[in-house]
Amino acid sequence: MAPERPESEELVLAFLAEAGDEFVSGEAISDKLGLTRAAVWKHVEALRTQGYRIDAFPARGYRLAGVPDRIGALELRPLLNTHDVGRVIHWYEEIGSTSDRAKELADEGAEHGEVVVAERQTAGRGRRGRMWASPARRNLYFSVVLRPELPPARAPELTLVASIALCEALRHAGVEAGIKWPNDLLAPGGSKLAGILSELAAEPDRVEWIVLGVGVNVNARREDFPADLRDSATSVLLERGQPAPRALFAAACFTALEEWLDRHAEQGFGAIRDAWRERSVTLGREVAVKVDGREVSGTAEDLDETGALLVRTPAGVERITSGDITLLRAR
Ligand code: BTN
């Protein structure tokens, strides 16, 4: 296990991360953190040996130009300003499924916001028993334990909340993603970038925990996907033509997730429904979905205040609460 990083080194890193693409002077860092200029330099050197790329120019100062391609607590903590999501990070080089581990931790009392992250999954799961391709160090695989004050019937709202957050993080990373109800993030061409798997334990009147498992194809190349997914899956790399730093992307996801979860907890789903609508690539489309063994098809008209999809069919409006929809054609 890597030794803990000294606190002042972590503060220097956090300071540089906060400045983003901007240079910060050695003087500003030493004033702010109460360190000598020599100590700042020593920490910069130590960070470089851990894989951080830090530009240094005498007249301009320091700039964080690259972070190590690892998404452990040591890399993520300085990039995070969250109070719950990712405050505790359980990192694995390899694991069966981060969601299986998160569920175990939830049963053992893990707190709201604890996250399990892995560089690789050997048994990554998608919805409906499908596998989730999880090659090593290419993508982002994490599961977060949530303990919302919600009755079980309202649990599906959290998948929608998470999809807004992921959409925001993907757009920030330069991909104009859209949400396919209920849990998919699609690239502009319609290929899948990310998915969310939601699992819960509940008593009759209250949720005990929810584990949201999130898989985002960040730097997967075409050949990293199983052959049968190559036409329907894509990644940030394939969409932008350049890789994304996974640690920065993970931190953006955790931050957006916390912001939207907080908004949801304070104001309810009705208040953030517009944010979902704006990012949706489902509304206005002809869709088909299997409900209790029968096929429903029609126009996806809206989302109701509980997060159910309202589909207009010749027989009237159907309220769809779960299922895999197929997008048939544009309006
Ligand atoms: C889907 O679109 O079907 C949901 C995919 C969810 C995949 C993620 S990867 C991290 C977490 N661990 C898993 O085994 N699954 C989820």
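Values below: all heavy atoms of this structure, side chains included; hydrogens, waters and symmetry mates excluded. Start at 1 and go down the list; that is how both ligands and their atoms are numbered.
- The structure places OG of S163 at 12.5 Å from NZ of K180, a figure rounded to the nearest 0.5 Å.
- Between E168 and W260, the side chains place a donor N or O and an acceptor N or O closer than 3.5 Å (distance only, hydrogens not considered).
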Tabulating one pair per line, provide the atom names and distances (0.1 Å) for every N/O atom of ligand 1 that is less than 3.5 Å from a protein N/O atom.
{"residue": "ligand 1", "atom": "2 (O)", "partner": "K192", "partner atom": "NZ", "Å": "2.6"}
{"residue": "ligand 1", "atom": "3 (O)", "partner": "R127", "partner atom": "N", "Å": "2.6"}
{"residue": "ligand 1", "atom": "12 (N)", "partner": "T98", "partner atom": "OG1", "Å": "3.1"}
{"residue": "ligand 1", "atom": "12 (N)", "partner": "Q121", "partner atom": "OE1", "Å": "2.8"}
{"residue": "ligand 1", "atom": "14 (O)", "partner": "S97", "partner atom": "OG", "Å": "2.8"}
{"residue": "ligand 1", "atom": "14 (O)", "partner": "Q121", "partner atom": "OE1", "Å": "3.4"}
{"residue": "ligand 1", "atom": "14 (O)", "partner": "R125", "partner atom": "N", "Å": "2.7"}
{"residue": "ligand 1", "atom": "15 (N)", "partner": "R125", "partner atom": "O", "Å": "2.7"}

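- Using a 4.0 Å cut-off between a side-chain N of Lys or Arg and a carboxylate O of Asp or Glu, E93 and R70 do not qualify as a salt bridge.
- Between E45 and K42 there is no salt bridge, since no side-chain N of the basic residue sits under 4.0 Å from a carboxylate O of the acidic one.
- No salt bridge links D69 with R137; every basic N to acidic carboxylate O contact stays at or beyond 4.0 Å.
- Salt-bridge check for D324 with R130: passed, with a basic side-chain N closer than 4.0 Å to an acidic carboxylate O.
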